Peer 1: 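Starting off with a structure, shown below.
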Amino acid sequence: MKTLRSVKGMHDVLPRSMPAWHAVEEGYRELVERFGYQEIRTPLLEPIELFVRGIGDSTDIVEKEMYAFEDKGGDHLALRPEGTASAIRAYLQHGFQVESPQCKWYYLGPMFRRERPAKGRYRQFYQAGAELIGVAAPAADAEIIDMAVQFIESLGIGPVRVLLNSLGGEQTRPLYRKALVEHYSKHEQKLCEDCSRRLERNPLRILDCKVEGCRALSVDAPSVHDYLGEDDREHFDEVRRLLDKGGTPHQVEPTMVRGLDYYTRTIFEVQAESSALGAQTSVLGGGRYDNLVKQLGGRATPSIGFSFGIERLIMVMPESTHKEQVPLVFVAGVGKQSLDRALDIARTLRRQGRRVEVAHTGASLRSQLKKADKLGAAFAVIAGEEEAKRGGATLRNMTDGQQIEVRVDELSARLEELR
RNA sequence: GUGAGAGUAGUUCAAUGGUAGAGCCCCGGCUUGUGGUGCCGGUUGUUGCGGGUUCAAAUCCCGUCUCUCACCCCA
């Protein structure tokens, strides 16, 4: 029979890599909860309309990367490609807008994009993020960015670069858009195929194009910063001031735009200087989305958030930040009669909260110790017939090979001393 | 979606048209009482799949699938 494989671009995360995953997941929860963020879990499936309206129908994500299908009842559904749209949907659906318009939420879970897989890019990947909903003040931007950077650094990843830009808000965008269209229209025949399409639908994205001809045209393209309205300018300057004050180094990247349409004003990206990511450089990205709530049918609610890919983070994370496991105690019996005693000792130690492995068969002591070694046990408890006569067991330190005989009822106390 | 490379044991790889192999891993043993180094032994394969050429194909040809990398975009 043909052996089955996981779907293209979708991977098993095997037990051996869990120390890294847990370090990221638990480290993240711990940190954002310290900032007052609470977890929200939303469904993996949403009405496709949510992403079309939220992320934007001219984005690559919606245009060509969605896992969208019609279910048996004829509903048009999609596997979520990112987390923000769902969070805002939940925000509106459960009346937070009325009840408690300011929300600090975080999430963690699988996202789906049907792209060609490459290093650091998968069709099912795990993303975590945070959303600060309903706060317009620059201090919100600074908090989110600071939190993101603190988190990345807490994993021992460094040095990192924080790239910052402003796309402007409602007073800026129409003017800037017009200026861009004017600029690029003069050289329309030199634009690549994608960009001539973008000229109509999303001229901002041309700035981000990597094609030689388009890049040349972008060199003397108008800069957002010359078009920022007064409020947008002030907001951006204040965010920068707060970051400086908080000691978060950043660099302004005037041509940076992001691939999701909902961003307004502040956008940012954290890059790790590591070759482990292949062509990918960004480990975390985010920005302000002041129009999204309104676009999804709510009142205008300024908000900001970020998200990061767990797989990518793990690729650049040093092994030293992997979550440490509690010491393992292996209980070995010697001889058939001792198996019962070994099981008894194991049961007791487990009830006392220790991590314990025990042999299930009365194999030779040698092979049991081999197993203990393979499992990475810190200690072995040898329950042999000799010791049994004295109500004891041998406690062996697997690191240095030293061993002592102790009474069974003293085992736990001795283990405590030794750790 | 476009381009490139690669598919042989769990894994890393050898075998260039003539009997599919090695290291590592795994399992067992080396007086049923001592792991890590050592020694002995053992398991593991429709050579990704399908077709073609040939007396003979892992090897040459065609197709297909998968993986990897890059472009695009993003996490």
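Lettering of chains follows the sequences in order, A, B, ..., and the numbering in each one begins at 1. It should be emphasised that the depicted structure is a prediction, and the values quoted were computed from it without experimental measurement.
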Peer 1: I'd like to know whether CD of E319(A) has more than 12 heavy-atom contacts from other residues, nucleotides or ligands below 6.0 angstrom.
Peer 2: no
Peer 1: Mind listing the closest non-hydrogen atom pair of Q127(A) and E82(A) along with its distance?
Peer 2: OE1-CA, 3.9 Å
Peer 1: Using 30° and 60° as the class limits, which term best fits the ring planes of Y91(A) and F96(A): parallel, tilted or perpendicular?
Peer 2: parallel
Peer 1: Kindly check if the number of other-residue, nucleotide or ligand heavy atoms within 6.0 Å of CD (E324(A)) is above 12?
Peer 2: no
Peer 1: Roughly, in whole Å, what's the span from CD in Q403(A) to P in G35(B)?
Peer 2: 10 Å
Peer 1: Would you call R354(A)-E416(A) a salt bridge at under 4.0 Å N-O?
Peer 2: yes
Peer 1: Once you round it to whole Å, what is the distance between P of A75(B) and CZ of R312(A)?
Peer 2: 8 Å
Peer 1: Would you confirm whether the ring centroid of F125(A) sits within less than 6.0 angstrom of the ring centroid of H11(A)?
Peer 2: no
Peer 1: If we take the C1' atom in both A15(B) and U47(B), what is their distance in whole Å?
Peer 2: 11 Å
Peer 1: When rounded to the nearest Å, what value does the distance between C1' atoms of U54(B) and C62(B) take?
Peer 2: 16 Å
Peer 1: Nearest-nucleotide wise, let me know which of T394(A) and R113(A) is further upstream toward the 5' end of RNA chain B.
Peer 2: T394(A)
Peer 1: What pattern of brackets, bars and dots sums up RNA chain B from 5' to 3', given Watson-Crick or G-U wobble pairs under 3.5 Å, [ ] for crossing pairs and | for another strand?
Peer 2: (((((((..((((....[..)))).(((((.......))))).....(((((..]....))))))))))))....
Peer 1: Please give, in whole Å, the distance from C73(B) P to I61(A) CD1?
Peer 2: 13 Å
Peer 1: Please report the distance separating the P of U12(B) from the corresponding atom of C69(B), rounded so that it comes out in whole Å.
Peer 2: 14 Å
Peer 1: How would you label the contact of E387(A) with the nucleic acid (heavy atoms, under 4.0 Å): base, sugar-phosphate, or nothing?
Peer 2: base
Peer 1: Between Y176(A) and Y227(A), what is the ring plane arrangement, given parallel below 30°, perpendicular above 60°, and tilted in between?
Peer 2: tilted
Peer 1: Pick out which of R121(A), K64(A), K8(A) makes a salt bridge (Lys or Arg N to Asp or Glu O under 4.0 Å) with E115(A).
Peer 2: R121(A)
Peer 1: For F268(A) together with H250(A), are the ring centres under 6.0 Å from each other?
Peer 2: no
Peer 1: Write down the distance separating the C1' atoms in U16(B) and A57(B), rounded off to the nearest Å.
Peer 2: 11 Å
Peer 1: Using heavy-atom distances to pick each residue's nearest nucleotide on RNA chain B, tell me which of S6(A) and F308(A) is more 5'.
Peer 2: S6(A)
Peer 1: Would you kindly check whether a donor in the side chain of E65(A) faces an acceptor in the base of G1(B), or vice versa, at under 3.5 angstrom?
Peer 2: no
Peer 1: Out of G29(B), A75(B), U34(B), which has the shortest distance to the side chain of S307(A)?
Peer 2: A75(B)
Peer 1: Has the side chain of Q368(A) got a donor or acceptor that lies under 3.5 Å from a partner of the other kind on the base of U34(B)?
Peer 2: no
Peer 1: Measure from the side-chain heavy atoms of R205(A) and tell me the nearest of G1(B), C73(B), G33(B).
Peer 2: C73(B)
Peer 1: Mind checking the C1' distance from C13(B) to G28(B)? Whole angstroms is fine.
Peer 2: 27 Å
Peer 1: When you get a sec, tell me which of A75(B), G29(B), C67(B) is the closest nucleotide to the side chain of K8(A)?
Peer 2: C67(B)
Peer 1: Could you work out the separation of C60(B) and G1(B) based on their C1' atoms and round it to a whole Å?
Peer 2: 33 Å
Peer 1: Once you apply a heavy-atom cut-off of 4.0 Å, does K374(A) come out as touching a base, just sugar-phosphate, or nothing?
Peer 2: sugar-phosphate
Peer 1: Hey, can you tell me if F151(A) and F308(A) have their rings parallel, tilted or perpendicular (30° and 60° cut-offs)?
Peer 2: tilted
Peer 1: Measure from CG on L369(A) to C1' on U34(B) and round the result to the nearest Å.
Peer 2: 5 Å
Peer 1: How far does the P atom of G50(B) sit from the matching atom of U66(B), given to the nearest Å?
Peer 2: 16 Å
Peer 1: For E82(A), which contact category applies under a 4.0 Å heavy-atom criterion: base, sugar-phosphate, or nothing?
Peer 2: nothing
Peer 1: Just call it for E115(A): base, sugar-phosphate, or nothing, with non-hydrogen atoms closer than 4.0 Å on any strand.
Peer 2: base
Peer 1: Nearest to the R396(A) side chain among G36(B), G33(B), A75(B), which nucleotide is it?
Peer 2: G36(B)
Peer 1: Between P on A75(B) and CG on D60(A), what's the gap in Å once rounded to a whole number?
Peer 2: 11 Å
Peer 1: May I ask you to say what L284(A) touches in the nucleic acid, namely base, sugar-phosphate or nothing, with a heavy-atom cut-off under 4.0 Å?
Peer 2: sugar-phosphate
Peer 1: Which value, in whole Å, describes the distance between the C1' atoms of nucleotides C27(B) and G3(B)?
Peer 2: 46 Å
Peer 1: Please list, pair by pair, any protein nitrogen or oxygen found under 3.5 Å from a nitrogen or oxygen in nucleotides 68-71 of chain B.
Peer 2:
| from | atom 1 | to | atom 2 | distance (Å) |
| --- | --- | --- | --- | --- |
| C69(B) | OP2 | K119(A) | N | 3.1 |
| A70(B) | OP1 | A279(A) | N | 2.9 |
| C71(B) | N4 | R121(A) | NH2 | 3.3 |

Peer 1: Answer yes or no: are there more than 12 heavy-atom neighbours, outside R390(A) itself, under 6.0 Å from its atom CZ?
Peer 2: yes
